[in-house]
K.L.:
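Can you read through this structure? Questions will come right after.
All figures in this text were calculated on a predicted structure; none of them were measured in a lab. As the structure lists them, so they are numbered: ligands from 1, and atoms in each ligand from 1.
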Amino acid sequence: MEVITSVESMEQKVKELKDSNQRIGFVPTMGYFHEGHLSLMDYSVEENHVTVVSVFVNPIQFDPGEDLDVYPRDLERDKDMAKRRNVDIMFCPKAESMYPENFRTNVSVKDLTEGLCGASRPGHFDGVTTVVTKLFNIVQPDKAYFGRKDYQQLMVIKQMVKDLNIPVEVVGCPIVREADGLAVSSRNVNLKSKEREAAKILNKSLEYAKEQIDAGERDPDKILLLIKDKIRSEPLAAIDYVEIVNGDDFKKIDRIEGKVLIALAVKIGQTRLIDNMLLTLADKE
Ligand code: PAF
């Protein structure tokens, strides 16, 4: 596996790959790999000639006071894991080369970024879309792989790619979970042992909501209450948001039907975790 740390060397490498008609698969990450990242790498390796994985903890997608400083990092561990997954190139640029002193551009997607995580993390999605645009321009992938745990991020990036005619296919991949249902996340490593136990409440509350919907409940307000009560039964959990919205445009709904997203963000101790469930129900029953 080749490790590239400068933007210029990555651009040169991409030129060589394009000249030899290699199809590039791309997995953008902030590192500290877990099974979710590894599954994205597997999809890319399977579907492309060359797989590039970027590791860049993007400072502009963290609000002041968020966990940028304690975001887990271990490049040597990441290199080892990516190599074992048959990744061809790991791209690890420095913040100074991604954002030199006179950097002045912001890429922003409207509407889709306003609710859910966008409401509690102002500026977050502008940071994501700006860095992803830069990474797409540098790596010029044919396909790029994102996890559905960050469902809002996935939809925002799909919208951006469509609106800006960026020539890449954005592929959304399934959420990977621990045996007890907790969605894998780099942030899970920051959970102390009691918090790790408590974190199970995210998935448990989503599963509980699904049971009620499967049993016929269609009132989003009732389901929201049930989810919130369930989360509040866990003393270490503090709700950031729980929302039930249309799965395409994230607008509020007054009846659970069609494509529905149940999304939540919960703080367990100091660690903010997100999870979601996407349901497709028959429109009329
Ligand atoms: O999902 C992530 O890890 C990040 O938001 C991304 C897409 C790599 C952009 O920094």
Side-chain angles (χ1 to χ4, degrees), residues 4 7 10 24-41 43-44 51-63 66-75 77-78 81-82 87 89-99 103 105-109 112-113 116-118 120-139 141 143-161 164 166 168-176 183-190 263 265 271-276:
I4 296 182
V7 172
M10 190 67 232
I24 302 175
F26 180 41
V27 182
T29 81
M30 298 207 298
Y32 210 80
F33 295 153
H34 50 62
E35 286 301 322
H37 294 123
L38 300 181
S39 78
L40 302 180
M41 294 174 204
Y43 286 115
S44 177
T51 289
V52 179
V53 175
S54 64
V55 175
F56 179 62
V57 183
N58 175 34
I60 67 165
Q61 71 184 73
F62 290 79
D63 291 325
E66 282 193 331
D67 58 350
L68 175 62
D69 294 342
V70 293
Y71 198 86
R73 294 163 168 89
D74 189 340
L75 208 50
R77 171 182 172 275
D78 286 348
M81 290 169 87
V87 166
I89 299 169
M90 200 155 120
F91 175 46
C92 323
K94 297 262 176 302
E96 311 82 80
S97 64
M98 291 294 275
Y99 303 116
F103 187 85
T105 298
N106 183 48
V107 180
S108 188
V109 173
L112 290 182
T113 54
L116 309 176
C117 285
S120 37
R121 305 185 68 189
H124 166 70
F125 284 113
D126 282 12
V128 170
T129 42
T130 301
V131 80
V132 171
T133 302
K134 282 178 69 76
L135 291 167
F136 281 173
N137 283 334
I138 297 165
V139 176
K143 284 187 169 195
Y145 299 80
F146 294 84
R148 289 197 204 115
K149 179 170 75 71
D150 299 273
Y151 190 74
Q152 187 177 14
Q153 167 173 282
L154 170 66
M155 296 299 275
V156 166
I157 290 169
K158 282 193 168 185
Q159 183 74 45
M160 174 187 86
V161 158
L164 299 182
I166 303 178
V168 58
E169 183 188 338
V170 174
V171 184
C173 303
I175 299 178
V176 177
V184 298
S185 160
S186 303
R187 289 185 168 96
N188 291 353
V189 73
N190 289 338
T271 308
R272 182 179 179 279
L273 300 175
I274 59 171
D275 203 346
N276 70 73

K.L.:
What protein heavy atom sits nearest atom 7 (C) of ligand 1, and how far off is it?
P.N.:
Gln153 NE2, 3.6 Å
K.L.:
Does the separation of the ring centres of Phe62 and Tyr71 fall below 6.0 angstrom?
P.N.:
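Ring-ring flag for Phe62/Tyr71: true, centres closer than 6.0 Å.
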K.L.:
Heavy-atom distances under 4.0 Å decide this one: backbone, side chain, both or neither, for Ile157 against ligand 1?
P.N.:
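No part of Ile157 comes within reach of ligand 1.
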K.L.:
Check for a donor-acceptor pair, side chain of Gln152 on one end and backbone N or O of Cys117 on the other, with a separation under 3.5 Å.
P.N.:
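Checked: pair present.
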K.L.:
If we only count N/O pairs under 3.5 Å, is Gln61 in contact with ligand 1?
P.N.:
yes
K.L.:
Any heavy-atom pair between the side chains of Val55 and Met30 that's under 4.5 Å?
P.N.:
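No, too far: nothing below the 4.5 Å cut-off.
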K.L.:
Taking only heavy atoms of Thr29 into account, list the atoms of ligand 1 that are under 4.0 Å away from them.
P.N.:
8 (C)
K.L.:
Go through ligand 1 atom by atom and flag the ones less than 4.0 Å from a non-hydrogen atom of Val131.
P.N.:
9 (C), 10 (O)
K.L.:
Among side-chain atoms of Asn58 and Tyr99, is any donor-acceptor pair under 3.5 angstrom?
P.N.:
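Present: a donor and an acceptor within the cut-off.
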K.L.:
For Thr271 and Asn190, does a side-chain donor sit closer than 3.5 Å to a side-chain acceptor?
P.N.:
no
